[in-house]
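Down below is the structure, laid out as structure tokens.
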Amino acid sequence: MHAFVTVGSTRFDALVKHALSDVVIDVLRTKGYSDIVVQCGNSDFDRSVYTLEGDTWTRNLEGEGSIEVWKFKPTLQQEYERADLVISHAGSGTILDVLRLKKPIIVVPNPTLLDNHQEELASALADTGHVKAASPWPIIAQFLDSIPTGWVGLDSGTGNGKYLPLPHDRPGSIWTIGLDRSRNLLSIARTAGGNNITREVVWGDVLGWQWRHGAFDYAISIATIHHLSTPERRKLAVQDDLSKRAVPQNERSESHGQDVFVPWVLSSQPQPQPKQKGKTKQGRTPTESVQQIAQDTQNVQDEPSKIFHRYYHMFARGELRELVCEAAKDLHLHIGPPDVGVTQGIDIVQDGWERSNYYVELRRWEFR
Amino acid sequence: MVRLITHNLLACHAKGCTTNNFPLQLKDVTIELREAEFNPDFVSGFLSRLEWTALVNAAKELGDTSLPPELPDMVDDDLLKNLHHVLLEIHIDEGSMICPNCGHSYPISNGIPNMLLAEHEIG
């Protein structure tokens, strides 16, 4: 299959660099995209491994496939038509052209362009499920922006650690510690954000209690608790985070723990796979669905393909908020802002729907 | 990576182990020193939530005796720099962390601590 990467009429060094990186090329080839064409505009990239023929830099990939890089063409329509996947800057023209052809598109807003509304456009179209947007979810970026310098927090289910380097404009002002069950992902997360900065990551279970009391000032949990198979386990995960809040020992009378939970809700209905019934460890109710992710064993042709089973719970509207409230009630926490006669509670700062996901932001408070 | 910033937060969570489960004791560790950018505002902000004695003792076990046994009332720049070094520049690459209460051992390998428990150890 054929993947087309486009940066539009200006330059977008980061997108071109990543699109041509071994990691991305490997992923694309694993997914079946062996021919990769990159329209690079005026972007810089390492040309040393390419052969220049006319206006086009080319490179043959080991085994099958090739990469082709060129700057501009009068029209990209032919490229869109030929492509099975488009990876694009968030230019409105490109997005609309590709959507009209009903081709899948991954949109990467260019953060170096000011006032061109790429981020807003990408977010709006991601909200409606038309595109996949590749930047951190604004709601999480804003939350981490709001965290005061000196706080230490937890990213429960950190995955590849994309939130660990935030906020970008105050590097090193807060430390988010990444927890995940996948050691492979943690080995990526520990260098998330690059710049030779090592992140703190811990291999563990989101249902584990591996922290001293009051260890963290804030916590985020993104696309994680929907993997837990029963309502009890999901509640436990929320309670686990609620009870890890720091209660300050100093003069302030109100504690400052904050949480954001963003479980994923898939925008398309996953297909239940009857043949794997009973294979997952945890029990599940009939309303919950299972998605099967089949993945070819990378680069090993003789081996049969492996199938990975992953569990997804589909959150319904209002369910996340309800889950949080139930979890809080069990911990004898008042729900609402700080109130006379109540010693501790959680305040729901905001909840909603963004980029096809439900989220809820909480503030944990306590009077001493 | 496990650095003392994380060690200062981790506690044993094996079944039934709820008291005296912090701090975990470092055992057979190999360390590597790597420079990290000094952010005095972060260090002074984090200070009030540190478990001071646990940090001082863990630093000593790793051969760093730059921290005073009690947190002084006046925190000067030198102390912040020493704290920065202890919290963020000493990387424990290999070894294990042992619970002082139940003796459970949490291995560290390639800089990643393994806090997973077996099914029968989950409380």
Side-chain angles (χ1 to χ4, degrees), chain A residues 147-154 161 164 170-191 195-217 236 240 244-252 255-257 281, chain B residues 1-15 17-19 21-24 32 34-52 54 84 87-89 91-93 97 99 104 106-119 121-123:
Chain A
I147 299 293
T149 294
W151 284 21
V152 171
L154 173 68
L164 301 184
R170 280 187 294 140
S173 61
I174 63 176
W175 275 89
T176 309
I177 295 175
L179 173 75
D180 208 278
R181 253 206 97 96
S182 162
R183 205 180 182 289
N184 287 340
L185 285 174
L186 288 179
S187 61
I188 298 170
R190 63 197 274 210
T191 57
N195 289 338
N196 268 334
I197 298 172
T198 314
R199 312 290 163 191
E200 286 292 290
V201 298
V202 171
W203 189 13
D205 197 308
V206 295
L207 290 175
W209 215 274
Q210 53 256 307
W211 313 100
R212 69 170 160 86
H213 184 72
F216 295 113
D217 303 309
L236 201 61
D240 192 9
K244 279 182 302 217
R245 276 327 102 256
V247 179
Q249 319 265 308
N250 54 21
E251 72 287 349
R252 286 178 56 192
S255 103
H256 53 226
K281 275 187 191 165
Chain B
M1 283 293 116
V2 66
R3 280 171 272 186
L4 293 187
I5 184 175
T6 303
H7 174 264
N8 204 257
L9 304 171
L10 288 170
C12 180
H13 62 128
K15 196 172 190 170
C17 190
T18 51
T19 53
N21 56 351
F22 171 87
L24 302 173
E32 196 186 315
R34 266 173 259 166
E35 252 180 70
E37 197 165 329
F38 177 44
N39 187 324
D41 293 336
F42 168 75
V43 180
S44 55
F46 181 49
L47 201 57
S48 64
R49 274 156 286 127
L50 269 172
E51 287 288 337
W52 185 261
H84 165 75
L87 286 170
L88 293 169
E89 295 190 322
H91 294 251
I92 305 168
D93 283 334
M97 294 180 290
C99 173
H104 190 94
Y106 297 95
I108 301 167
S109 132
N110 282 322
I112 300 179
N114 178 356
M115 299 302 288
L116 289 168
L117 295 172
E119 202 72 37
E121 296 163 336
I122 298 172

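Protein chains get the first letters and strands the later ones, always in sequence-line order, with residue 1 at the start of each.
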Of A:V202, A:L179, A:D217, which is the lone residue that meets side-chain contact (heavy atoms from CB on, under 4.5 Å) with A:L154? A:L179

Have A:R199 and A:T191 got a donor and an acceptor in their side chains that come within less than 3.5 Å? no

Among B:L24, B:I108, B:L88, which has the most heavy-atom pairs under 4.5 Å with chain A? B:L88

Which bit of A:I177 is near chain B, if near means a heavy-atom gap under 4.5 Å: side chain, backbone, both or neither? side chain

Can you establish whether the number of heavy atoms outside B:E37 located under 6.0 Å from its atom CD is more than 12? no

What part of B:L87 is in contact with chain A, defined as an atom under 4.5 angstrom from a non-hydrogen atom: side chain, backbone, both or neither? neither

So, the part of B:N8 with a heavy atom under 4.5 Å from chain A: the answer is both

Which portion of A:I197 sits near chain B, non-hydrogen atoms under 4.5 angstrom: neither

Side chain / backbone / both / neither for B:T18 at chain A, heavy atoms under 4.5 Å: neither

For the backbone of A:R181 and the side chain of A:W203, can you confirm whether one donor and one acceptor N or O come within less than 3.5 Å of each other? yes

Between B:R34 and B:E89, is the closest basic N to carboxylate O distance under 4.0 Å? no

